[in-house]
**Q** 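Structure in structure tokens, see below.
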Amino acid sequence: MTETTSYSGNGFVLVKNPHLDLMEEDVLYHLDLGTKTHNLPAMFGDIKFVCVGGSPNRMRAFAQFMQRELGLAAASEDVADICAGSDRYAMYRAGPVLSISHGMGIPSISIMLHELIKLLHHAKCRDVTIIRIGTSGGLGIEAGSVVITDTAVDSSFQPRFEQVVLGDVVVRSTELDKDLAEELLACSRDIPDFPTLIGHTMCTYDFYEGQGRLDGALCSFSSEKKLEYLRRAYEAGVRNIEMESSAFAALCRLCGLKAAVVCVTLLDRLEGDQIRASHEVLWEYQQRPQRLIAAFIRKRLGLTRTD
């Protein structure tokens, strides 16, 4: 069964669940928020950009970075965790920008997205752009390259996200907003010190065997088979590999959110499996998606640099 996509004509975030209207209260348990315990429109109604990433510390640092980029506070000024009552996810804001962690893998990001999308709906947010920023393994491109995803594909290189619902397999599209991807690529031209490209992202359910690694606790294939598989992925248009993009693309698309995935590559998987770059190099790599997204948000808000 394939689900169709629909978009809201008035810019509001859709929820495709008729049962929500029958609930007296909607408890967003993993975010430690709720429709009765919090005034969600007052707290979040002016949010225009949502950035999600795996690590709580990284998303806290991104919120602090955006405070500086938007001229809201000094770079060193701390930000409060809105979800401090939960130990699952962390959420911060910098003006119209919400920064949220999603953990690692499809199950973790899926839980967060269900509650985040309901939060944006209850808060009556309009014209929201949502972007996943993170790290990934590259494929046939140099380490440190930033990949803007056009389509998330599965381990068979197909543009789909399969979800088992009540015993039936539901297939959802994983295409991302092409205009948004092109807009981000255009912004990257003003940041010439690292390569940026648009390509397919392969999303897997596993970091080791599922991504063709030879260094896990289990490995059932040869190095030749691994390289043959990764080369087929490259020929299919895959330029990086991670573990969240297909669920992210599918849920955002179904709920009318313009979405993008922007990930830096930490290595070229055709050359090895383990990340060997120094902490300093990796730290600089991880800033690259953040710098690109900051430039994009500043441009959307009509802000010019004064430093």
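Throughout, residue positions are numbered sequentially from 1 according to the sequence presented.
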**Q** Atom CG of residue position Leu166 - does it have more than 12 heavy atoms of other residues, nucleotides or ligands inside 6.0 Å?
**A** no

**Q** Scan Thr149, Asp150, Thr151 and name whichever one has a side chain to side chain donor-acceptor pair (under 3.5 Å) with His200.
**A** Asp150

**Q** When you check the gap from the basic side-chain N to the acidic O, do Arg213 and Glu209 get nearer than 4.0 Å?
**A** no

**Q** Whether Asp46 and Arg93 form a salt bridge (side-chain N of Lys/Arg under 4.0 Å from carboxylate O of Asp/Glu) is what I want to check.
**A** yes

**Q** If the threshold is 4.0 Å, N to carboxylate O, is there a salt bridge linking Asp273 and Lys226?
**A** yes

**Q** If the threshold is 4.0 Å, N to carboxylate O, is there a salt bridge linking Glu183 and Arg300?
**A** yes

**Q** Under 4.0 Å between a Lys/Arg side-chain N and an Asp/Glu carboxylate O for Asp81 and Arg60?
**A** no

**Q** Is any side-chain heavy atom of Lys258 closer than 4.5 Å to one of Ile130?
**A** no

**Q** Looking at Asp193 and Arg291, is there a salt bridge between them, counting it only when a charged N and a carboxylate O are closer than 4.0 Å?
**A** yes

**Q** Less than 4.0 Å between a side-chain N and a carboxylate O, is that true for Glu24 and Lys36?
**A** yes

**Q** Quick check: are there more than 12 heavy atoms from other residues, nucleotides or ligands sitting under 6.0 Å from CZ of Arg276?
**A** no

**Q** Does CZ in Phe221 sit with more than 12 non-hydrogen atoms of other residues, nucleotides or ligands closer than 6.0 Å?
**A** yes

**Q** Within a radius of less than 6.0 Å around NZ of Lys178, do more than 12 heavy atoms belonging to other residues, nucleotides or ligands occur?
**A** yes

